[in-house]
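A short write-up of the structure that comes next.
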2 protein chains.
Amino acid sequence: MDSRHINDGTEVYKSKNLVAERRRRQKLSDRLLELRALVPIITNMNKATIIIDAISYIQELQKCVRDLSDEIHEMEAICEEESKTQSEEIDAAEEMKKWGIETEFTVTHIDDNKIWMKIVFQKKRGGFTKLMNAMSVLGFEFIDTSVTTSKGAILVTSCLEGMHGRMHEVDQLRELLPDIIRSIYGDTDHTYMDPSQIL
Amino acid sequence: MDSRHINDGTEVYKSKNLVAERRRRQKLSDRLLELRALVPIITNMNKATIIIDAISYIQELQKCVRDLSDEIHEMEAICEEESKTQSEEIDAAEEMKKWGIETEFTVTHIDDNKIWMKIVFQKKRGGFTKLMNAMSVLGFEFIDTSVTTSKGAILVTSCLEGMHGRMHEVDQLRELLPDIIRSIYGDTDHTYMDPSQIL
DNA sequence: GTTGACACGTGAGGC
DNA sequence: TGCCTCACGTGTCAA
């Protein structure tokens with residue numbers, strides 16, 4: 001108790017801005033608490049320490065933003081190739097359309113264990129390999145194959161030999177070829193499955 | 001001048017804590033200035049305003065980090081396919097090694113305007129297309145081609161017909177084939193260049 | 001007993 | 001003038 005207290009308990013202050021100053025102090029303390037609430041790692045509850053922690057946190061965030069930004073730029077550079085591949089495919093599709101080339105295929109018997117096949121489909125990287133893989137799984141072996149790419153399309157004429165006595169399944173091959181060709185453009189990397197699991 | 005001043009000008013303070021308190025206050029002010037230096041947008045120089053600005057800046061940074069993080073995850077999902085392709089190539093290389101298959105090629109004449117060629121190289125998506133493209137630019141046309149993929153390798157046996165009277169350049173083809181095969185695994189997407197620009 | 005941190009009331013100065 | 005911000009010295013409490 002000091003001199004500002006009068007006998008009746010009423011408090012007397014020299015300055016009228018006392019309450020205002022109180023409010024100001026409390027406001028600043030509240031802001032500091034808000035700041036502390038945002039910072040995850042707190043070493044101390046000190047006012048100064050809160051600010052220090054906030055500073056190091058901001059620096060950490062800034063570094064994080066820089067790193068992530070760099071990483072994104074790096075990834076963009078890496079994904080550039082893929083976009084090239086995509087634009088390549090778009091170009092192929094447009095060129096095929098321009099020249100009026102349609103996806104098509106023909107399958108005919110040559111003799112009991114050989115068939116002749118012609119396929120025209122849109123050029124795509126790895127497309128021929130996928131086709132070979134699918135045919136191989138279906139039980140056919142490429143004997144003579146001619147491959148030509150032109151105007152965004154791939155033309156495959158091939159003489160196939162059936163294995164496992166599957167040569168009577170040429171009609172099934174005709175039904176499956178659209179799926180095989182479609183699977184070439186699928187986004188998944190799965191190899192073509194054994195037909196026994198499809199049929 | 002208040003009561004703490006004595007006639008001789010010496011200052012007398014009740015508390016020894018005074019200098020320590022001065023240091024503490026200055027330290028806090030310094031930290032606040034540091035904080036202000038880190039925050040790009042400053043609305044006011046007020047102590048409270050500095051903290052408010054820092055708060056909103058931290059929130060902005062946090063949001064930025066979240067957004068960048070999301071973007072990276074999105075990109076990672078997109079680039080997943082490419083990593084699959086890469087692992088596919090690694091698998092192919094390992095399998096070739098496991099089976100002791102070496103990259104090799106043979107080129108021989110058949111007659112005046114036909115050559116026979118055998119190439120074994122590591123399986124890669126689009127590799128055969130690149131090979132075809134390179135051979136086409138070099139002035140050769142695929143007549144009969146057999147392609148087989150097995151144990152991570154691609155075996156291409158092919159009968160080629162020379163165009164533009166280039167059939168006397170078979171020796172040059174032998175010299176160029178290593179470069180062609182190497183260009184299949186290059187990271188660039190350029191089509192194989194005309195040999196007149198190489199030789 | 002000493003040290004550090006804090007809130008308080010107060011006067012100075014700016015707009 | 002009044003309002004707002006600041007730095008100051010001080011008392012107090014805890015480690």
Side-chain angles (χ1 to χ4, degrees), chain A residues 1-70, chain B residues 1-70:
Chain A
M1 304 293 172
D2 62 354
S3 61
R4 79 175 68 103
H5 284 93
I6 314 297
N7 299 340
D8 58 358
T10 311
E11 300 187 5
V12 173
Y13 297 96
K14 296 183 181 181
S15 172
K16 284 194 296 182
N17 76 335
L18 195 152
V19 281
E21 179 64 13
R22 271 206 264 253
R23 265 208 306 269
R24 175 185 162 269
R25 270 200 299 265
Q26 190 177 352
K27 191 168 68 180
L28 208 147
S29 286
D30 290 348
R31 304 305 182 199
L32 231 70
L33 287 191
E34 274 186 59
L35 185 62
R36 188 182 64 93
L38 275 181
V39 178
I41 41 173
I42 304 158
T43 58
N44 239 344
M45 278 288 279
N46 293 345
K47 280 181 170 180
T49 319
I50 289 175
I51 298 183
I52 288 182
D53 290 344
I55 288 176
S56 49
Y57 182 53
I58 285 183
Q59 288 171 336
E60 184 185 338
L61 280 178
Q62 287 175 338
K63 175 174 161 47
C64 192
V65 168
R66 276 198 306 270
D67 289 351
L68 288 178
S69 219
D70 288 351
Chain B
M1 308 292 174
D2 61 355
S3 61
R4 81 175 65 105
H5 285 93
I6 314 299
N7 297 340
D8 59 358
T10 310
E11 298 189 3
V12 173
Y13 297 96
K14 297 183 180 179
S15 171
K16 289 192 293 183
N17 195 16
L18 196 153
V19 280
E21 177 67 13
R22 270 206 262 254
R23 267 208 304 269
R24 174 184 163 272
R25 268 199 301 264
Q26 191 178 352
K27 191 167 69 178
L28 209 147
S29 285
D30 290 348
R31 305 305 181 198
L32 230 71
L33 287 191
E34 274 187 58
L35 185 62
R36 187 181 65 94
L38 275 181
V39 178
I41 40 174
I42 304 158
T43 58
N44 238 344
M45 281 286 279
N46 293 344
K47 279 181 170 180
T49 319
I50 289 175
I51 298 183
I52 288 182
D53 289 344
I55 288 176
S56 48
Y57 182 53
I58 285 183
Q59 288 170 337
E60 184 185 337
L61 279 179
Q62 285 175 339
K63 176 174 160 47
C64 194
V65 168
R66 277 199 306 270
D67 290 351
L68 288 179
S69 217
D70 289 351

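Each chain gets a letter, A, B and so on, in the order the sequences are listed, and its residues count up from 1.
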dist A/Leu28:CG -> A/Leu33:CG (nearest 0.5 Å) comes out at 10.5 Å
In sequence, state the C-alpha distance, the side-chain angles, and the governing distance for A/Arg31 and A/Glu34, and then conclude on salt bridge (Lys or Arg N to Asp or Glu O under 4.0 Å). CA-CA 5 Å; A/Arg31 304 305 182 199; A/Glu34 274 186 59; 3.3 Å; yes
Minimum heavy-atom distance between B/Ser69 and A/Leu68, given as atom pair plus value: N-CD1, 4.2 Å
Could you tell me whether the side chain of B/Arg25 has a donor or acceptor atom within less than 3.5 Å of a complementary atom in the base of D/dG9? yes
Please give, in whole Å, the distance from D/dT5 C1' to A/Leu18 CG? 15 Å
Listed in order of residue number, which residues of residues 33-53 of chain B have a non-hydrogen atom at under 4.0 Å from DNA chain D? B/Met45, B/Asn46, B/Lys47
Less than 3.5 Å apart, which donor and acceptor atoms pair up between the side chains of residues 37-52 of chain B and the rest of the protein, not counting sequence neighbours?
from	atom 1	to	atom 2	distance (Å)
B/Thr43	OG1	B/Asp53	OD1	3.3
B/Thr43	OG1	B/Asp53	OD2	3.2
B/Asn46	ND2	B/Thr49	OG1	3.4

With hydrogens left out and only the distance checked, is there a donor-acceptor pair under 3.5 Å joining B/Glu21's side chain and the base of D/dC8? no
Tell me the interatomic distance from A/Arg23, atom CZ, to D/dC3, atom P, rounded to whole angstroms. 10 Å
Please evaluate residues A/Arg24 and A/Glu21 with respect to the criterion salt bridge (Lys or Arg N to Asp or Glu O under 4.0 Å), reporting the C-alpha separation (whole Å), side-chain torsions for both, the decisive distance (0.1 Å), and the verdict. CA-CA 5 Å; A/Arg24 175 185 162 269; A/Glu21 179 64 13; 3.0 Å; yes
Can you tell me if A/Arg24 touches the phosphate of D/dC6, counting only side-chain N or O atoms and a distance under 4.0 Å to OP1 or OP2? yes
Between B/Leu28 (CG) and C/dA5 (P), how many Å, whole number? 10 Å
Looking at B/Asp70 and B/Arg66, is there a salt bridge between them, counting it only when a charged N and a carboxylate O are closer than 4.0 Å? no
Please state whether the phosphate of C/dG9, meaning OP1 or OP2, lies under 4.0 angstrom from any side-chain nitrogen or oxygen of A/Arg22. yes
Without decimals, in angstroms, what is the distance between B/Lys27 NZ and C/dC6 C1'? 13 Å
